[in-house]
Each structure stands twice: as structure tokens, then as C-alpha cells.
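This chain uses plain numbering: 1 for the first residue, then up along the sequence. Order of listing sets the numbers, starting from 1, for every ligand and every atom in it. Keep in mind that the numbers below use all heavy atoms, side chains included, and drop hydrogens, waters and symmetry copies.
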Amino acid sequence: MLKITIRDNLLFINERIEKAKIKSGRNDEIKLIAVTKTVDVETINEAINAGITDIGENKVQELEKKIALLNDRVNYHMIGYLQSNKVKYIVNKVDLIHSLDRLSLAKEIDKRAKEHNIVANTLLQINVAEEETKSGLKVCDVIPFIEEIQQFTNIGIRGLMTIAPLTDNENLLRNVFKTMVNIKKDINSRRYDNVSMNYLSMGMTNDFEIAIEEGANLIRVGTGLFGKRNY
Ligand SMILES: *Cc1c(COP(=O)(O)O)cnc(C)c1O
């Protein structure tokens, strides 16, 4: 039997990214983050050799373990719910925290970033569909939240992140992604300090083509690259 490799999966995903870009008339860069939760380091190395430059983890402990083993071979993204008491372990090691969603967390990120004399790059996580099981700001709370965190000098907001509902309802997915684009435009028009809307982190295995068509430039793909996860 022919073995499907990570390289094959990556080629296929890159083809689909290109098709989605052409379909929507885009020629800007779309960065693929390989979501490596539950994936062992040997397999991650295979992905890196195939061309992966960025990996995402949703648990601090896993992220720390992988950083220790892979060092500066890749860029790191914290994509999951972040407990305030764990910020100190990763704040100076990750390129981007995708899951800033509350004031207490902002306060802690700012404090720890100050200790390292850095500005921590973050995305605001938005729970567009207001799903009970997901964290993230409500759409109506985004602007007030940004205004509150203007006081923190060591946090940079670089864009927005969402996890869309798990559904094949294309209309619903498009509406979620369009809402994100509208929030981004609204924020841009307000010209805050320490806020730039460089990134829209949206799109996973189930929906990344639709996300790209609607404007995503960071996509987070796990299953499509590594196969089904064994928890
Ligand atoms: C697991 C996870 C992903 C990747 O999901 P797949 O469906 O396996 O591509 C993306 N984003 C977040 C926040 C995740 O936790």
C-alpha cells in the first residue's frame, strides 16, 4: 500500500490554498500554521523538512515541550485558551498569542512582557457565533475591550482570530468570516496606538478555503496535515 506522507498532505493543502487565492483574486501571502497538538516531534520534523515554518499548540505544557526540542527551527503560535498563571512560561517564546480574550489575561501578558522588555504580539479571539463551548470576546465587546487595553504598553494587537462553528453550512461559515472582516475594518478606521490589523487568523481543516476566500491570511490546519488526532 502506498503511504501518504506529510509532504503529500502539505502539497495538497498548498494546492487548495492557491486555488482559493485565485478564486478570490488574491495575491498576498497566506501563512499556514501546522497545528501540532498530539503530534510527536519526529512527525513535526518531517513537516518542517517538507516546508512548514510555523506551528501552533493549544496547551502551554505541550508548547513548552516542543519549543525545548525544536528550538528556533520554527515559529510558535499559542492558539488555545491561555490561563493567566501560565503566561510567564511562553510570553517571550511565542511569535503570536492568538487567544487574547479577557482583561485579566491582558494584564498578565503586559506584566510578563515588561519583565522581558518586549512587546507581546497578540490576536483578539472573537466568538462570532457565540458558542457556549468556545472562548472569545463577543462581537459587541471588541471595541470596548481594545479601549481598555490601551493602557497596557507591552501588548501589541496584530489582528483577530476566530474558531468557526464545525459545520458544512457554507453560508453560516461565510457570515462568520465576513463579520471578522467587518470588525477588522471598524478597528482600522479608529487608528488606535499599538493596534494593527495585520492578521486574520481563521480557517481550519474543515473551512480554510472559505476562510481564505473571505480574507484570512493565517490558517491553522491540523487534521489535514497530520491525519486524525489520537487523544
Ligand atoms: C485543533 C485546532 C485547530 C486545527 O484543527 P483541525 O480541524 O485539525 O485543522 C485550529 N485552531 C485551533 C484553535 C485548534 O485548537
Task: Polar atom proximity, Asn206 to ligand 1 (N or O, under 3.5 Å) - done: no
Open item on the list: Check Glu213 with Arg174, please: is the shortest side-chain N to carboxylate O separation under 4.0 Å?
Closed with: yes
Task: Atom indices of ligand 1 within 4.0 angstrom of Lys37 heavy atoms, with elements - done: 1 (C), 2 (C), 3 (C), 14 (C), 15 (O)
TODO: Please state whether His98 comes within less than 4.0 angstrom of ligand 1, counting heavy atoms only.
DONE: no
Open item on the list: If we check salt bridge (Lys or Arg N to Asp or Glu O under 4.0 Å) with Glu57, which of these qualifies: Lys66, Lys65, Arg220?
Closed with: Lys66
Open item on the list: Does any part of the side chain of Ile33, heavy atoms only, come nearer than 4.5 Å to the side chain of Ile55, both counted from C-beta?
Closed with: no
Open item on the list: Would Ile163 count as a polar contact of ligand 1, with the cut-off being nitrogen or oxygen pairs under 3.5 Å?
Closed with: no
Task: Sub-4.0 Å atoms of ligand 1 with respect to non-hydrogen atoms of Thr223 - done: 6 (P), 7 (O), 8 (O), 9 (O)
- [ ] May I ask you to list the atoms of ligand 1 that are less than 4.0 angstrom from any heavy atom of Gly222?
- [x] 4 (C), 6 (P), 8 (O), 9 (O)
Task: Nearest heavy-atom neighbours spanning Asp110 and Thr153 - done: OD1-N, 3.4 Å
Open item on the list: Salt bridge or not between Glu62 and Lys59? Use side-chain N to carboxylate O under 4.0 Å.
Closed with: no
Task: Atom indices of ligand 1, in the order listed, that fall short of 4.0 Å to a heavy atom of Arg220 - done: 4 (C), 9 (O), 10 (C), 11 (N), 12 (C), 13 (C)
TODO: Taking the side chain as every heavy atom from C-beta outward, state whether Thr162 and Val176 have any pair of such atoms under 4.5 Å apart.
DONE: yes
- [ ] Check ligand 1 against Val221 and write out every atom of the ligand that is under 4.0 Å from a heavy-atom position of the residue.
- [x] 9 (O)
